[in-house]
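Worksheet for the structure shown next.
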Amino acid sequence: MCMIRLFEEAIERLFLEGRVMGTAHTCIGQEAVAVGTAAALEACDAMTTTHRGHGHFLARGADPARAMAELFGRETGYSRGRGGSQMMMDPDIGFYGANGITGGSIPFATGVALDAKLRGTGRVTVCFFGDGASNQGVFHESLNLAALWKLPVLFVVENNGYAMSTSTVRGLSNTHIAERAGAYGIPGASVDGNDFFAVRDCVAQHAAASRAGQGPALLECVTYRLSGHSRGDARVYRSREEESAAWENDPILRLEAYLKADGTLTDDSAKTLRDAAHARVDEAIRFAESSPLPDPASLQEDLFA
Amino acid sequence: MCMIRLFEEAIERLFLEGRVMGTAHTCIGQEAVAVGTAAALEACDAMTTTHRGHGHFLARGADPARAMAELFGRETGYSRGRGGSQMMMDPDIGFYGANGITGGSIPFATGVALDAKLRGTGRVTVCFFGDGASNQGVFHESLNLAALWKLPVLFVVENNGYAMSTSTVRGLSNTHIAERAGAYGIPGASVDGNDFFAVRDCVAQHAAASRAGQGPALLECVTYRLSGHSRGDARVYRSREEESAAWENDPILRLEAYLKADGTLTDDSAKTLRDAAHARVDEAIRFAESSPLPDPASLQEDLFA
Amino acid sequence: MRSVTFTQLLRETLAAELRRDPSVFLMGEDIGVYGGSFGVTRGLIEEFGAERVRDTPISEQALTGVAIGAAVAGQRPVIEIMFMDFITLAVDQLVNMAAKLHPIYGRTCPLVIRTPPGGGRGYGATHSQSLERLFAGIPGLKIAAPSNASDASALLQTAIRDNNPVLFLEHKLLYPQRFDVDDELPAPLPFGFARVAREGDDLTIVAWSHQAFVAERAAAQLAAEGIDAEVIDLRTLCPLDTDTLIESARHTGRVMILEEGPKTGGFAAEIAAQIMEQAHEYLEQPVRRIAGADFPIPSAKNLEAACLPAYDSILALAREWMS
Amino acid sequence: MRSVTFTQLLRETLAAELRRDPSVFLMGEDIGVYGGSFGVTRGLIEEFGAERVRDTPISEQALTGVAIGAAVAGQRPVIEIMFMDFITLAVDQLVNMAAKLHPIYGRTCPLVIRTPPGGGRGYGATHSQSLERLFAGIPGLKIAAPSNASDASALLQTAIRDNNPVLFLEHKLLYPQRFDVDDELPAPLPFGFARVAREGDDLTIVAWSHQAFVAERAAAQLAAEGIDAEVIDLRTLCPLDTDTLIESARHTGRVMILEEGPKTGGFAAEIAAQIMEQAHEYLEQPVRRIAGADFPIPSAKNLEAACLPAYDSILALAREWMS
Ligand SMILES: Cc1ncc(C[n+]2csc(CCOP(=O)(O)OP(=O)(O)O)c2C)c(N)n1
Ligand SMILES: Cc1ncc(C[n+]2csc(CCOP(=O)(O)OP(=O)(O)O)c2C)c(N)n1
Ligand SMILES: [Mg+2]
Ligand SMILES: [Mg+2]
């Protein structure tokens, strides 16, 4: 979680400094969803993500250096500089990425789950998407298919209060997203998405059921996007007071407090962890910046497989 | 209802005889939905339909002769022979048609309702679609929008058991379509779609609420498509026994029996009504067949308004 | 040799591929017991079961997206979009996801999208369109558009074994046509090689899908009149066999391109542009396009006919050129 | 005269139209307080309220369909699709419904779809596409693609007052550009009339949207080298001003067409085909297309640049021709 936070903060800084170009969406404040979910999965499982996907990817075990290199547009990046922030995959760790179209990976995840079912691999696929994405038609179509075919896929919606500037009350006719599960006759659950343990336990429970053949579930993780939507978001659609209140609920501070309270973590060990995370992110930036640019000539052969 | 039945039977015959070409979907067995709904609406109200839309159109007051002429591809048809069975409109009677794409008119109806709300006309729009169409993404998007904006639109789903060969259990993860209303926080109701009075009362009640500013509702009319899906459907996906049982539940026979029981209708007056309907359909065919073909040269000026 | 319909040979080909490779499966609306709207998959569910001949609800966008996900995960889905008009619902999935998988992510997406374009049946404006224009030239997508049963079988095998998304066009007027074919299924045909359906010296007719079928008939009729037309059946639009096109254009100096869809913005324009770019000085006549009207296809028979490319225009142009 | 950005003049135009006609309203994602992803509608919600500057959930298909329904019922919706790449989700609604309303049903559908195509910002393969190819030539749709603020304002007014669906392209690289414009908004410009941005005798450069902006710069540089290029800024793709194109082609005998999207299957092919059909014997050189690579637009800066049409190719081709 700490590493994800530092990675995202670094990206915001790098954009400001003009060292990274294009676009990126950071998941500051939502780290517990990514890490809690990843903690509940097995090695064979799969994941798809959204435009706001660095946290999911890192939680799933991505190499921060190669992810950073992708953001820098380098040959060593996950997509060799072709994809950027929103378009990275690593099937070796069961990570099937996003594509920049809000909601676009919901049927994709469903297809990965169909493959798992057809081959009987026991794999569960987690499909992340946002409250905004849940208004896309393909959400509806995919959940119906997954439910009908009892596919092993968990639809994990990160309800972070906003889709860009559109608050959930202005975007969703029923803001209790988990209640949409009823339309498909599948289980729905809503958890505190800033509570690492709540997320982990909820995902673990439903993953087990799904793995056992009970089909999909719709899990709503209620959280808050502490950062702006993307670079250059002046956040005119919400107040600074609202944001300060949300910072009080920072999932990292909550986990740290919890672990310190139960003695798992000390001030010292916390510092050690934080320093290590810092070092990994710094190293990722060094790696990215020193990596070669991709060669435009290489595109020629890459159009088709 | 009787006229609709005869109209549809005539079409099936005309196709067999090769007098009408192209394609058409008849609504035999579903007439009570069309007529019950139309009976509940006011003159200012609007309606959109589906590929299986002749019944809705006639119930709303379409001229059977011009509808038939459209099927015959004549200049006197509602779309001057350009549209055919699936593409007719008559805004003068508040009828906004379909477009041949399953689910395609759901957002259209929502837009007609948005216009009504923006102009404050007090108009309620009824959007017909099938159980199959309710699996299209645009259904979800449209219902969310309509609910969010409290638009005066009633989504009337004709659950006739099948989408082409796909029975509802094989197409819908939750076959209680009215339960999908919960996802949008709007009222949902399910009625016996073969009971004219049940349909009429349900639509009237929700139309009043919608007109009063309470937003949309999702009304499921449970019925049965007695005919094949379209011309040339061998109906291999269901048994003849199932069909015979369904014929027992013919909405026209039910209404007739009811009206006779309560004395409104006698054998004589029923015969008179039936003869009149026959005459109208025969006249429609005569009108259509004697109407001129459209002139291909006229297309030139018609591309743009 | 035997005589089979286009439909029948497609069905046999699908069956053979399903038998050959367990990762191949079919998915689409009403393709199971119903056998598909045009009957192509009829009977396949009996041999292969409902898991591999998978009916879906009416959800073109998700069914395409699901197939893409399954393809990247290791399956080889062959989906059916009942009418090509409905593929408009899946443009996002095909353009923004399927087409990007190899060039951007470096992944393979072995997916076939079978779908029937075309008018001539009086089905009206939303069941008759030839929409290859939406996809031709979208980098990352391939398009096959056979004009006869044997090519269809051969190209479908290639499509299924290809590691890229392939749009496979089955013109609805071809389905009931009978063709003489070998007893065995043909071998797969590599993409990007046009078929010179008829050699000729006077002029070249370029076409694909049902129009190539029409072109052969027109060439035969022209031959009887002493006009020697070369007919190039493209077989695949992407990749496009530019070499064969240019060679023929240089040889005859007169090229007409047939396209069923509306003329403006159609793929015939691309072919015309390439020929002119590369064979300009050999052309005795400007390249001409005989295409559909710039009007949606109406349902009335006579109006529909007026919007589809006219057979007689082919003959008339050839005669004009050779007079 | 004053200097304003493309964005600013679009905003003023929308405001003027909203004031002029109560049936005009705006709809799109985050166009209200946020002001739209590129800020075009910033501030409008304050004057016109949330009913007429209507934020929508992320539902491109329905928002387009709702606008179509409202348009047929009597409104004049102007919708914004945040990036043109997302319009892939609305292809069905535009092609199968909006485009058919007049030709098939005989109804009017006064709808404007504003959307930014284009690369150059490093946004990656699904936020950079120029997808006019999906709609150019679909009978029943119009397309405007201005290259400067004044034209954009004039064409947007026409689009809003037109009774047909109009796709209105606002290239994202144009938004921040400043242009000298009159103090008053320009009068509406009829569709189908290209702007001869520069007259010239040696060769013709045809372009639209941002590439027309680029073409003017290139022509100025060529002029300094003694090459006299005519620049035709199409302004609208549908309808297409064929007369001006043909006249210029006949005059200079050398035509290059610029297109940002991938070369294969792009609209430049249509233009090339028409010119060759109608001005073949006047051409000193085959018509050439300078277009994007047949590759999705990668995010890395150097790769993206390699996939967009190169400014230098324009100069190089002109020099080659005139040497
Ligand atoms: C089809 C489509 N529409 C719009 C966008 C622009 N967009 C990118 S992210 C976003 C908001 C998404 O909201 P949500 O799903 O809640 O995810 P969050 O940003 O809150 O993580 C929007 C509108 C897009 N990328 N794709
Ligand atoms: C987008 C799209 N997909 C598929 C079809 C083909 N099709 C026409 S009607 C139909 C079944 C529709 O089922 P339902 O909505 O239940 O209506 P019903 O036919 O039962 O009245 C199908 C699959 C179509 N016209 N459009
Ligand atoms: Mg959100
Ligand atoms: Mg049905």
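Values below: every heavy atom of this structure, side chains too, minus hydrogens, waters and symmetry copies. Please read all numbers here as calculations on a predicted model, not as lab measurements. We name chains A, B, ... by the order of the sequence lines, and we start the count at 1 in each one.
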Would you indicate whether D:Glu47, at its atom CD, is surrounded by more than 12 heavy atoms from other residues, nucleotides or ligands within a distance under 6.0 Å?
-> yes
In this structure, CG of A:Leu293 is separated from CG of D:Leu303 (nearest 0.5 Å) by 8.0 Å
With chain D, the option among A:Gly81, A:Ala133, A:Gly73 that has the most non-hydrogen atom pairs under 4.5 Å is A:Gly81
Do D:Phe295 and A:Asp302 come within less than 4.5 Å of each other through their side chains, counting heavy atoms only?
-> yes
CG (D:Asp85) and CG (A:Asn99) are apart, to the nearest 0.5 Å, by 10.5 Å
Heavy-atom side-chain contact between A:Gln136 and D:Leu89 under 4.5 Å = yes
Run through A:Gln86, A:Arg82, A:Glu70, A:Met87 and flag the one making a side chain to side chain contact (heavy atoms under 4.5 Å, CB included) with D:Ser299.
-> A:Glu70
Counting heavy-atom pairs under 4.5 Å to chain D, which of A:Thr102, A:Asp233, A:Val236 comes out on top?
-> A:Asp233
Closest heavy-atom pair and its distance - A:Leu303, D:Pro296 | CD1-CD, 4.0 Å
Return the minimal non-hydrogen interatomic distance between A:Leu299 and D:Pro298, and the atom names on each side.
-> CD1-CG, 4.3 Å
D:Ser59 side chain to A:Asn135 backbone, donor-acceptor under 3.5 Å = yes
Residue, of A:Ala297, A:Ala24, A:Gly83, that accumulates the most heavy atom pairs under 4.5 Å with chain D = A:Gly83
Toward chain D, the part of A:Met164 with a non-hydrogen atom under 4.5 Å | both
Could you check which of D:Glu304, D:Lys301, D:His127 has the highest count of heavy-atom pairs closer than 4.5 Å to chain A?
-> D:His127
With a 4.5 angstrom heavy-atom cut-off, which part of A:Arg80 approaches chain D: side chain, backbone, both or neither?
-> backbone
Find the distance between CG (D:Asp55) and OG (A:Ser165) and round it off to the nearest 0.5 Å.
-> 5.0 Å
Please look at D:Glu29 and chain A and tell me whether the side chain, the backbone, both or neither of the residue comes under 4.5 angstrom of a heavy atom of that chain.
-> neither
Under a 4.5 Å heavy-atom cut-off, does chain D meet the side chain of A:Asp295, its backbone, both or neither?
-> backbone
How many angstroms lie between atom OH of D:Tyr123 and atom OG of A:Ser230, to the nearest 0.5 angstrom?
-> 8.0 Å
Please check if the side chain of D:Asn302 supplies one atom and the backbone of A:Pro294 the other of a donor-acceptor pair under 3.5 Å.
-> yes
Residue part contacting chain A, namely of D:Ala306, when any heavy atom lies under 4.5 Å | side chain
Scanning both residues in full, the closest heavy-atom pair of A:Thr166 with D:Thr56 reads OG1-O, 4.5 Å
